[in-house]
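Worksheet for the structure shown next.
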Amino acid sequence: MAHRVFAIRLWPGLIAAALVAALSLGTLGVVALRAESFSTLSKFDWMAVRFTVVQALISAGLSVILAVPVARGLARRDFYGRRLLITLLGAPFILPTIVAILGLTAVFGKTGFVSIALNWAGLEPISIYGFHGVILAHVFFNLPLATRLLLQGWGAIPSERFRLAASLNFSPRDMFRHIEGPMLKEIMPGAFAVIFLICTTSFAVALTFGGGPKATTVELAIYEAFRYDFNLGKASLLALIQVVICAVAAFVSLKFRVPQVGGAGLDRPVQRFDVHKLSARGVDLFWIMMVSLFLLLPLLAIVLRGAYGVFDLPISVWSAALRSLVTALGSAALAIILSLSLSLSALRWRWLEGIGMTAIAASPLVMGTGLYIVLFAVADPADWALFITALVNAVMSLPFILRAIGPALATTERTYGRLSDSLGLMGWTRVRLVLWPRLRGPVGFSAGLAAALSMGDLGVIALFARPDSATLPLQIYRLMGSYRMDQAMGASLLLLGLSLALFYIFDLWGRRRA
Amino acid sequence: MKYGFTLAALVAASAAHADPLTIYAPDYFASEWGPGPAIKAAFEAECDCEIEYVTGDLLPRILLEGERTKADVAIGFNSDVTKKARETGLFAPHGLDLSPLTLPLEWTDDTFLPFNWSYTAFVYDNTKIKNPPTSFHDLVNSDENWSIAIQDPRTSISGLALVLWGKEVFGDDAKAEWAKLAPKVTTVTKGWSEAYGLFTDGEVDMVLSYTTSPAYHIIAEEDATKSAALFDEGHYFMVELAAKLKGTDQPELADAFMAFILSPTFQNIIPTANWSYPAALPRDQWPDAFSELNYPEKAIFLNEDEADALRDEAIAEWRTAFSQ
Amino acid sequence: MLEFRNLRLTQGDFTLTADFQVPKGARVAVIGPSGAGKSTLLSLIGGFEAPDDGDILWRGKPFGLSAPFERPISHLFQDNTLFAHMTAAQNVGLGLRPSLRLSKSEQSAVSEALRAVGLEGLETRRPGALSGGQQSRVALARVLVQQKPLILLDEPFSALGPAMRHEMIDLAKEVSERLGATMLMVTHDVSDVDRFADLVIWVEGGTCQPPRPWAEMKADPPQGLLDYIGT
């Protein structure tokens, strides 16, 4: 189709790509330039690299494998509150780490629900601290995402296949071998790759649940090089290694098709005819319940712990909450603009989407510092704190958003491309009349995700903020630093509630028919 | 008093300053629950000027900004990192008389001025632990199954204090002693907040913190269940410092503020706002709860050069011992 | 009139060729076995694909590499011929103005067109709420308002039942007469050809034969046609 006049102008996409590249890789360059010397990496650093990769591989693998029975159960069953459960199950993914650590320990720690239950049953309590603790925590954070990705895959299997299976009297094994298995084979590698990338940049969670310095990740080493050694050279070198690890994983993932996220398939389970047997019911019920418990109990712990303090919160926390909300909305808007621009242009040049994904490799610490160096040369960074927070968070949520919008956009073009071309729907008109209405689902999900992730951000703002213009996570951190744990937990509950509400509202908007 | 004289001169010499005095401080200092606001109000009332706090990581920020930094005063340094700060050459001598200082040891630094201090200590729940350790050796060698949370020396200033403390107490045996301690340590956290949160949630029996931590619970929460364990070998002395920037565009105001730090007004704010011992206030003027706290007999202190020299080795030994 | 001049397109091991003329106002059926290249031919006319060689001319002027909407063509596709998220009126309105900002007179033209195809009162219905036949009518209403001189239909009624299909074909004929347009329709059903076409283009293995009157072709059919019809 070489002669086709391209329907959408390409320059917004190129600008967006340039911006993302500047923020994720350019900031690394800025930091490296500022460095005074480049030491080589010690054996401890290489231990960190090895640990980072190994725990990410295992965490991602477990997350994806465990997601299979859960997603299958959710795909097959319809029940009251199913949609709410699916949204709630997404909560751990958007939880700020500070809040999540306390929630997880409240359930799985030495004095948590599980240990108490085990004690009561006469069994030895298991310690969450250790390599397995890191894996547990990472699975907690990423199982929701894995489930959602796989659920999408299930929703995409045409109902005709199931009818055919019923007419051929497929046993569950046949069903798996001929229908579900091939779908999973196509989808799981991509899901695995995304979660692997997420786990490689983990830091505080890994350390706390790892129980000690054996659980050092590259991100922690970067943090140390930065804040305590002030060795910019080492920090940028480590950040570069992290980029390489992620680039390799991202490259491998491009080989596999990552399923679309946030489309309509979540609304109704596909009608199936093999699901009424009692054993199938039992299995689904078991998995849905187990995973729901696993994911929701820590949330419940946070709610309980914070309920006491939430009514006691000073005005400044509420105004910080408002500030966070506004920043989150800004971040969502930026994320949508960037991702739409990138995706539209990526229809023509696929590598643009790859650039959008580089953000996942960037260390927020490096990004923030690089930006600080650049801004400080021209302005007072504190003035720009909220904008920078919104921007950096928008860029960091791009990898997930692109996976939601990209495939939907491709589908729309495939379906309506010719019709639109023949009617002369070009440029902005095309976006307005054809693309936007059909992308509402993924856009809603993406905006919700970006907003929720931005609410919980603590990384960038720490370098930029003024005391009176704090965001909610920063206030939580300050409360904790002043011994006010009850109020900190109350504020955390507020943060959790607001983040979830934002996500739910945006997602709901997206799922409503236009 | 030199302070009063300077202030009078200042007020006499100029009308209200249009430009605020920019003070770089860590987050906890300038947050509304820290000492920042009260100090700001008190100083502004006396100097007829304006203070503006800038928060964030103190030293990295100043190092990033270099000579173009907008800071006039920087407050909140810890003595273990001042060497690096000093090497930047960005800080100016304060020129103050240090006799008002009431620290347990002598302080003669002419650039970095202490404003409060405390001792690193293990804080425990006295309803759960009836036989707290009475020495570092006791902590390490005891067969009680205490659960402890500590901070990572690579990411936390209190964690760093711990390994320097241990290194001073155990000397060449440090690595072996850390290895003995490791099984009792439930987890190592990135920062003080996470560890203390685990402690208050009851997840661990003991946490690495400060001798002054119980004061918060006693005064603000009327809760006497938290105590600091006193060690015979002594405790690591942690002092927080302030310094004036050479490149300040408000030298008189900056000087006035530095002097203000040693004033009773400032010092009286410290205990219940920063939960530390004031650096220039006699013990009999402390709030009751503070004077009644477990108070170490012996202070262990490494000056900035010693701390810097020992640091890498101390961390490496700790790390190796804990990685087994 | 529509002219194909030494048109050639190679895709893999398949090559499509056409070199003939179609008179103005003709109703032409394009038939042939599966995979012969019928849809490809329409695709080339429509501007969705570019030929390797040769050109298509309309009234003496070559299309060249012009975009689909620059050509004087209305389309009816086999599926996705309407936007599922727009109402019938909006779908028709797109034929007048892509931005859908219609003037008063344009809006009444839309209503008029819908009435002409028998869908009065259904302006605000979405395609999902319309039957297959009604959806085809909406598409034809759009063709009406576009008033383009060349209309291409690619198996547009294949999903409809025989009676409905015949009704639609009659309607399509009516539309083309009203507009005085030249119409090409790809179809699989020979009865459609009887009903609709003056001329027939037989496509087999990529070769597009010049159009011949249907009656003539039935009397003296190429071998492939006999196999196809299966007399």
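A side-chain donor-acceptor contact under 3.5 Å links B/E304 and B/T82. Remark: the A/Q487 side chain and the A/Y308 side chain contain no N/O donor-acceptor pair separated by less than 3.5 Å. Inspection of the B/S118 and B/T212 side chains reveals an N or O donor paired with an N or O acceptor under 3.5 Å.
If you tally non-hydrogen atom pairs under 4.5 Å between each of A/T216, A/L232, A/I373, A/L474 and chain B, the highest count goes to A/T216. Of the listed residues (B/I157, B/T69, B/T320, B/I150), the one with the most heavy-atom contacts under 4.5 Å to chain A is B/I157. Ranking A/A470, A/A215, A/A377 against chain B, the residue ahead of the rest is A/A377, based on heavy-atom pairs under 4.5 Å. Per-residue heavy-atom pair counts under 4.5 Å with chain A were compared for B/S156, B/G34, B/A149, and the maximum is reached by B/S156. With respect to chain A, the highest number of heavy-atom pairs below 4.5 Å among B/T186, B/V54, B/T200 belongs to B/T186. Contact count against chain B (heavy-atom pairs under 4.5 Å) is highest for A/R478 among A/K214, A/R478, A/M47. The candidate from B/A195, B/S193, B/A220 with the greatest count of non-hydrogen atom pairs under 4.5 Å with chain A is B/S193.
Only the side chain of B/D152 comes within less than 4.5 Å of a heavy atom of chain A; its backbone N, CA, C and O stay farther away. At a 4.5 Å heavy-atom cutoff, the contact between A/R484 and chain B is made by backbone and side-chain atoms alike. When heavy atoms are compared at a cutoff of 4.5 Å, B/E32 approaches chain A solely by way of its side chain, counted from C-beta outward. In this structure, the portion of A/V317 lying under 4.5 Å from any heavy atom of chain B is its side chain and not its backbone. Contacts of B/F322 with chain A are made by both backbone and side-chain atoms, with heavy-atom separations under 4.5 Å. The contact between B/S213 and chain A is made by backbone and side chain atoms together, counting heavy-atom distances below 4.5 Å. For a residue to count as touching a neighbouring chain, one of its non-hydrogen atoms must lie under 4.5 Å from one of that chain's; by this rule A/F376 touches chain B with backbone and side chain alike. For a residue to count as touching a neighbouring chain, one of its non-hydrogen atoms must lie under 4.5 Å from one of that chain's; by this rule B/L59 does not touch chain A.
Scanning residues 307-317 of chain B against chain A with a 4.5 Å heavy-atom cutoff picks out B/R311, B/A316, ordered by number.
Salt bridge annotation for B/D249-B/K70: absent, with no cationic side-chain nitrogen under 4.0 angstrom from a carboxylate oxygen. Electrostatic pairing of B/K180 and B/E177 counts as a salt bridge here, judged by a charged N lying under 4.0 Å from a carboxylate O.
By the ring pair (Phe, Tyr, Trp, His ring centres under 6.0 Å) test, A/F44 pairs with no residue at all, sequence neighbours left out.
Note that B/R61 lies in the cation-pi zone of B/Y24, set by a 6.0 Å cut-off to the ring centre and a 45° limit from the axis.
Ring-centre distance between B/W192 and A/Y483: below the 6.0 Å cut-off. Taking the six-membered ring wherever Trp is involved, the centroid distance between the rings of B/Y196 and B/F199 falls below 6.0 Å.
Of all the heavy atoms in B/G36 and B/Y53, the pair that sits closest is O-OH, 2.8 Å.
With hydrogens and angles ignored, the 3.5 Å screen pairs a side-chain donor or acceptor of B/T155 with a backbone N or O of B/K190.
Atom-to-atom distance recorded for A/L238:CG and A/I222:CD1 is 5.5 Å, nearest 0.5 angstrom. Rounding to the nearest 0.5 angstrom, the gap separating the CD atom in A/E219 from the CD atom in A/E224 is 12.5 Å.
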